Number of protein chains: 2
Amino acid sequence: MASSAVPDIVIGRLPVYLRALNYMAEAGQEITSSHELGQKLGISSAQIRKDLSHFGEFGKQGTGYRISHLQEQLKRILKVDREWEVALVGIGDLGHAVARYNGFKNRGFRISMLFDSDPSKIGTRIDELEILDAVKLKEQLRARNIQVVMIAVPAAHAQQVADDCIEAGVHAILNYAPITLTVPPGIKAQHLDPVVYLQRMSYYL
Amino acid sequence: MASSAVPDIVIGRLPVYLRALNYMAEAGQEITSSHELGQKLGISSAQIRKDLSHFGEFGKQGTGYRISHLQEQLKRILKVDREWEVALVGIGDLGHAVARYNGFKNRGFRISMLFDSDPSKIGTRIDELEILDAVKLKEQLRARNIQVVMIAVPAAHAQQVADDCIEAGVHAILNYAPITLTVPPGIKAQHLDPVVYLQRMSYYL
DNA sequence: TAGATTGTTAATCGATTAACAATC
DNA sequence: TAGATTGTTAATCGATTAACAATC
């Protein structure tokens with residue numbers, strides 16, 4: 001019984017549904033249907049209804065879904081009806097851009113700690129947030145009870161950083177380094193190597 | 001017969017295999033097995049062998065795979081045994097970091113054009129590469145016969161940029177903007193919204 | 001009411017895994 | 001040879017889709 005009742009692949013689609021609902025809501029739209037949502041996302045309406053049915057009944061026959069209600073429900077299901085404090089390790093060009101990225105706002109996450117090992121960076125600030133010494137990573141993560149970390153260090157150091165984070169109680173790691181992290185059961189890791197995504201497309205060129 | 005003989009999901013794993021092989025090769029390793037590779041990636045050895053079997057026989061019974069040979073074959077299959085010229089549209093913080101990212105090297109891609117619409121950026125350079133006026137996007141892409149584009153503009157503009165790129169002959173789009181792009185059949189798009197990946201993990205927290 | 005859309009079932013489709021003969 | 005690992009088959013497992021009763 002290590003596996004959850006709801007398939008991973010279903011969970012993986014929920015954030016995409018939520019994002020699309022956010023745009024509809026911003027545009028002032030109040031109601032949508034599985035058919036409309038599916039068209040926008042390139043997914044069948046049956047799949048959307050099936051996915052949602054794992055969690056309850058959120059729509060109304062003949063009408064569809066009230067967008068604000070479905071947003072709330074998806075946020076609750078995904079546990080982003082709160083704000084998770086996120087630590088970012090590695091403040092190179094990419095880490096810097098991630099630290100300044102304002103796309104986390106209102107989507108469940110807030111970068112609240114920055115770490116680097118470069119003495120010329122330690123103590124400086126990005127938008128008021130101080131860059132801390134990576135030597136103190138473990139104790140600081142523990143002290144703040146951080147559960148979510150983003151890693152933007154060079155590939156050669158990413159596994160060690162991940163290991164330290166996990167030791168400090170982190171349960172979710174978003175890894176920008178181009179290497180597959182090995183993590184123990186119960187710990188989640190996601191990988192964001194742009195070249196992997198490019199190569200998935202070049203096959204078809 | 002719109003679907004290819006090899007499932008998308010298989011193609012999607014090949015870049016991950018290739019990346020792992022690259023690291024093994026860098027470390028001086030010459031031979032690996034489906035079992036070893038599977039352990040490193042958290043994938044069953046049977047799946048790796050099955051995936052590779054779509055394309056030929058690359059191993060030797062009793063021994064495993066010669067890493068250099070498998071690298072070459074995967075590069076050929078993924079069409080990254082060459083260097084694709086990539087245009088990057090949107091040079092904000094994130095685009096700037098992507099432009100300076102050196103992880104594309106030797107993996108099949110090279111950023112060769114930069115575009116932005118901000119007059120204060122147009123004409124300036126990032127590592128020798130000039131930022132061009134986004135107004136000329138379509139004609140410039142056509143002139144250089146660009147097939148691959150990365151989009152790092154605000155979400156509100158991403159679909160329009162994608163439409164323009166496709167009109168100019170682009171077939172593969174890597175989208176950093178937090179919005180699902182709608183693209184016609186035959187055009188590939190991949191999405192890199194970090195929040196989607198964070199939300200896929202927060203469900204399990 | 002008539003039309004539309006949900007939630008759900010059952011059937012189809014496709015992917016993963018276990019097992020093993022082949023063979024290095 | 002003995003041990004190891006591939007490539008492949010068949011079975012299992014899981015995901016997607018089509019269809020429709022329920023109902024707004």
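In the text below, chain A, chain B and the rest are named by the order of the sequence lines, each starting its count at 1. It should be emphasised that the depicted structure is a prediction, and the values quoted were computed from it without experimental measurement.
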Between T32(B) and D51(A), just flag the one whose closest nucleotide in DNA chain D comes earlier from the 5' side. T32(B)

Could you say whether T63(A) or S53(A) is positioned toward the 5' end of DNA chain C, judged by the nucleotide with the nearest heavy atom to each? T63(A)

Could you check which nucleotide pairs with dA15(C) in any of the strands shown, counting Watson-Crick or G-U wobble with both distances under 3.5 Å? dT12(D)

Would you mind telling me which of D118(A), L132(A), I122(A), L114(A) makes a side chain to side chain contact (heavy atoms under 4.5 Å, CB included) with I91(A)? L114(A)

Any base atoms under 4.0 Å from S34(A), or only sugar-phosphate, or nothing? Heavy atoms, all strands. sugar-phosphate

Are D51(B) and R13(B) ion-paired here, with the side-chain N under 4.0 Å from a carboxylate O? yes

Looking at Y65(A) and S34(A), what are the two nearest heavy atoms and their distance? CE1-N, 3.8 Å

With a 3.5 Å limit on both atom pairs, tell me what dA22(C) is paired to, counting Watson-Crick and G-U wobble, or say none. dT5(D)

How do Y65(B) and Q61(A) order along DNA chain D: which one's closest nucleotide is nearer the 5' end? Y65(B)

Would D93(B) and R100(A) pass as an ion pair if we require N to O under 4.0 Å? yes

I'd like to know if D193(B) and R107(A) make a salt bridge, using a cut-off of under 4.0 Å between side-chain N and carboxylate O. yes

I146(A) vs S112(A) side-chain heavy atoms within contact, under 4.5 Å: yes

Outermost DNA chain C nucleotides near chain A [under 4.0 Å, heavy atoms]: dA4(C) to dT9(C)

